[in-house]
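Encoded as structure tokens, the structure appears first; notes follow it.
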There are 4 protein chains.
Amino acid sequence: MIQIDPRSAAPIYEQIIEQMKILCLKGVVKPGDKLPSVRELATIIIANPNTVSKAYKELEREGIIETLRGRGTYVTEGAQSKLNEGKVVEMKEQLRQLMIEAHYAGIDIHQLKVWLEEIGSSLKGGKQVD
Amino acid sequence: MIQIDPRSAAPIYEQIIEQMKILCLKGVVKPGDKLPSVRELATIIIANPNTVSKAYKELEREGIIETLRGRGTYVTEGAQSKLNEGKVVEMKEQLRQLMIEAHYAGIDIHQLKVWLEEIGSSLKGGKQVD
Amino acid sequence: MIQIDPRSAAPIYEQIIEQMKILCLKGVVKPGDKLPSVRELATIIIANPNTVSKAYKELEREGIIETLRGRGTYVTEGAQSKLNEGKVVEMKEQLRQLMIEAHYAGIDIHQLKVWLEEIGSSLKGGKQVD
Amino acid sequence: MIQIDPRSAAPIYEQIIEQMKILCLKGVVKPGDKLPSVRELATIIIANPNTVSKAYKELEREGIIETLRGRGTYVTEGAQSKLNEGKVVEMKEQLRQLMIEAHYAGIDIHQLKVWLEEIGSSLKGGKQVD
DNA sequence: GTGGTCTAGACCACG
DNA sequence: GTGGTCTAGACCACA
């Protein structure tokens, strides 16, 4: 389920966190679902168990998943709502960065809106939702 | 003019780059304006000259500013006409990713447009609509 | 009767011990009362029988309960008088440490007494004054 | 300044966290003070730098200390007030545990209050404020 | 089998 | 020199 890009500048544990959040948001994993154990996931993505553990701990700290001692790790009930809240701040920052870049590429806000429409259509129509 | 937050997760040199770009966008500094020297700015923001130098080099690489040997560093004239194909493709892809994420967070295209306007105002003008 | 919080940082077997003591304290279970068997309790609280067993063994070691071969586990008569003078010294030392910590946190002796009353009520009665 | 007990059941990183908090509460280290670097402290207490790092990260997450990239780690301005808030919850739980234990030792709430007075006097008079 | 802790040693970005 | 990341391998408590 999780794909790690070892060439990425982003640390492996952050990639795990990010992708796990996406899986929650997409509904691929649902509240109550059991996640692969630290060792299992480490084997699957070919990483060190400690790295996976670090990702799981951060996700737990954020309240996305929870650990039941000796039984494994599970998705919490409120995972999706928590994720959505944090996402808004993150996305506005992304938009801000993007607009700064756009300016230096000679792209104005109007053009960005046109693109939004274009992409919106292609996503709905073409079912390229991934 | 430039405010550094030493507690931020963002490296200082990136904060300098980011804020210098915004100053250009807002028109606080205009094409042809002379920027403070590396050592001056380093003194002002209490940072290592190497750090400021790294930021200036990156800004120069992006064509935002230019260094005239022995005369100092200046904002370039044609900063806004760097339009190149690669950048456009890249930004549309960024927008696409962002819209997909927005979709899973329950954010629609209309909301994104509203945010674009908000951010556009805060970047150009002064009022922080955030 | 016993409520386990699988999310708690406290091990399940400690939660069982703790709650069993409280049940004795509140008088919900009295000396001579038969406790559920290891397997019964394990089923009720959805835990591993080994875990319940570990809790019962510790309670037995402390003299709170006793196991009668083939007949089950019972609350002892003299549960409350198992503790000796050494315990008193230990508790006064605990109190002393606690008062020192309280001092540095700006909590005075009066506040500690108020808390004692609060906690005393919640343990004996039912209303959670917390 | 920090003493680690390798025999303690408490993990080393928690001992560091705990003792650092006490040093803050006591005012031995003040807001703005620079803490020993990860490597320095690791050398001093004879532990692995990673272990010290883990402690520092947790303290930073709690807002007690802050990291200035490449410059070191410092005590935050609001360290003491934050510590005091968290301490209240912790101490009430300690008191609760202590009262349960007291019950089994035949000690009532009145006796505890008397002890509080006794200890309070000895701490003020004898300057045994360890 | 599960996660939690610790050590040792390596490499990297930042300043 | 500073912390951040990752790997490898060990041991322990809990269930």
Side-chain angles (χ1 to χ4, degrees), chain A residues 4 6 8-16 34-43 45-58 60 65-74, chain B residues 4 6 8-16 42 45-55, chain C residues 4 6 8-16 38 42 45-55, chain D residues 4 6 8-16 34-43 45-60 65-74:
Chain A
I4 298 300
S8 167
I12 294 175
Y13 83 92
E14 278 187 6
Q15 292 186 45
I16 298 173
K34 187 179 188 302
L35 295 176
S37 78
V38 167
R39 290 173 173 87
E40 277 173 4
L41 185 52
T43 304
I45 64 178
I46 310 176
N48 189 288
N50 287 335
T51 305
V52 176
S53 177
K54 184 171 183 178
Y56 274 21
K57 288 235 189 73
E58 174 61 18
E60 185 167 15
I65 66 180
E66 60 188 352
T67 296
L68 275 54
R69 53 182 61 261
R71 303 231 323 256
T73 306
Y74 298 79
Chain B
I4 297 300
S8 167
I12 292 175
Y13 80 91
E14 279 186 7
Q15 291 185 47
I16 297 173
I45 64 177
I46 310 174
N48 192 303
N50 289 335
T51 306
V52 177
S53 176
K54 184 170 184 178
Chain C
I4 297 300
S8 166
I12 293 175
Y13 82 91
E14 279 186 7
Q15 291 186 46
I16 297 173
V38 166
I45 64 178
I46 310 176
N48 191 304
N50 289 335
T51 305
V52 177
S53 177
K54 183 168 184 178
Chain D
I4 297 300
S8 167
I12 294 174
Y13 82 92
E14 279 187 6
Q15 292 186 45
I16 298 172
K34 186 179 189 303
L35 295 176
S37 78
V38 167
R39 290 172 173 89
E40 277 174 3
L41 185 52
T43 303
I45 64 178
I46 310 175
N48 189 289
N50 286 335
T51 305
V52 177
S53 177
K54 183 172 184 178
Y56 274 21
K57 288 234 189 73
E58 174 61 19
L59 285 166
E60 186 167 15
I65 66 180
E66 60 189 351
T67 295
L68 275 55
R69 55 182 60 260
R71 304 229 325 255
T73 306
Y74 297 80

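Letters go in sequence order (proteins before strands), and every chain restarts at 1.
For the pair A/Glu14 CD and F/dC6 C1', the computed distance is 13 Å after rounding to whole Å. Here F/dT2 presents its P atom at 16 Å from CD of D/Glu60, a figure rounded to the nearest Å. Distance D/Leu35 CG to F/dG1 C1': 16 Å, rounded to the nearest Å. If you measure from atom OH of A/Tyr74 to atom C1' of E/dG3, you get 13 Å, rounded to the nearest angstrom. Whole-Å rounding puts the D/Lys57 NZ to F/dC6 P distance at 10 Å.
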* Asked: For DNA chain E, what string of dots and brackets results from 5' to 3' when Watson-Crick and G-U pairs need both distances under 3.5 Å, crossing pairs get [ ], and pairs with another strand get |?
  -> ||||||||||||||.
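Nucleic acid contact class of A/Tyr56 (heavy atoms, under 4.0 Å, all strands): none. At the heavy-atom level, D/Leu68 lies nowhere under 4.0 Å from the strands shown.
Applying the side chain to side chain donor-acceptor pair (under 3.5 Å) rule to B/Glu14 yields no partners; only residues at least two apart in sequence or on another chain are considered. A/Glu58 meets the side chain to side chain donor-acceptor pair (under 3.5 Å) test with A/Arg61; sequence neighbours excluded. With sequence neighbours excluded, the residues forming a side-chain contact (heavy atoms from CB on, under 4.5 Å) with B/Asn48 are B/Asn50, B/Thr51, listed by chain and number. By the side chain to side chain donor-acceptor pair (under 3.5 Å) test, A/Thr67 pairs with A/Glu60, sequence neighbours left out.
Contact annotation: D/Arg71 does not reach the phosphate of E/dG15 (side-chain N/O to OP1 or OP2, under 4.0 Å). Phosphate proximity of E/dG3 to A/Ser37: present, with a side-chain N or O under 4.0 Å from OP1 or OP2. Contact between the side-chain N/O atoms of D/Thr51 and the OP1/OP2 oxygens of E/dT7 is found at a separation under 4.0 Å. Contact check, C/Lys54 against F/dC14: a side-chain N or O comes under 4.0 Å of OP1 or OP2. Between F/dG3 and D/Thr73, a contact under 4.0 Å exists linking OP1 or OP2 to a side-chain N or O.
Taken from CD1 in D/Ile65 to NZ in D/Lys57, the straight-line distance is 10.5 Å, to the nearest 0.5 Å. Taking OG1 from A/Thr73 and NZ from A/Lys34, the interatomic distance works out to 7.0 Å, rounded to the nearest 0.5 Å.
The listed nucleotides are E/dT2, F/dT7, E/dG3; the one nearest the side chain of A/Ala47 is F/dT7. Minimum atom distance to the side chain of C/Pro11 is reached by F/dA15, of the listed F/dA15, E/dT5, E/dC6. Closest approach to the B/Tyr13 side chain among E/dG15, E/dC6, E/dG4 is made by E/dG15 (side chain taken as heavy atoms from C-beta onward).
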Please enumerate all protein N or O atoms sitting under 3.5 Å from an N or O of nucleotides 9-11 of chain F, with distances to 0.1 Å.
unit_1: F/dG9; atom_1: O6; unit_2: A/Asn50; atom_2: ND2; d: 3.0

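D/Ala10 and D/Gln15 make their closest contact through O-NE2, 2.9 Å (heavy atoms, listed as atom of the first residue, atom of the second, distance). When all heavy atoms of A/Ile12 and A/Ala47 are compared, the closest pair comes out as CG2-CB, 4.5 Å.
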* Under the side-chain contact (heavy atoms from CB on, under 4.5 Å) rule, what do B/Val52 and B/Ile16 come out as? Steps first, then yes or no, please. => CA-CA 7 Å; B/Val52 177; B/Ile16 297 173; 4.1 Å; yes
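Each of A/Pro36 and B/Ile12 has a nearest nucleotide on DNA chain E; the 5'-most of these lies closest to A/Pro36. Toward the 5′ end of DNA chain E lies the nearest nucleotide of A/Ser53, the other residue of the pair D/Gly70 and A/Ser53 mapping further downstream.
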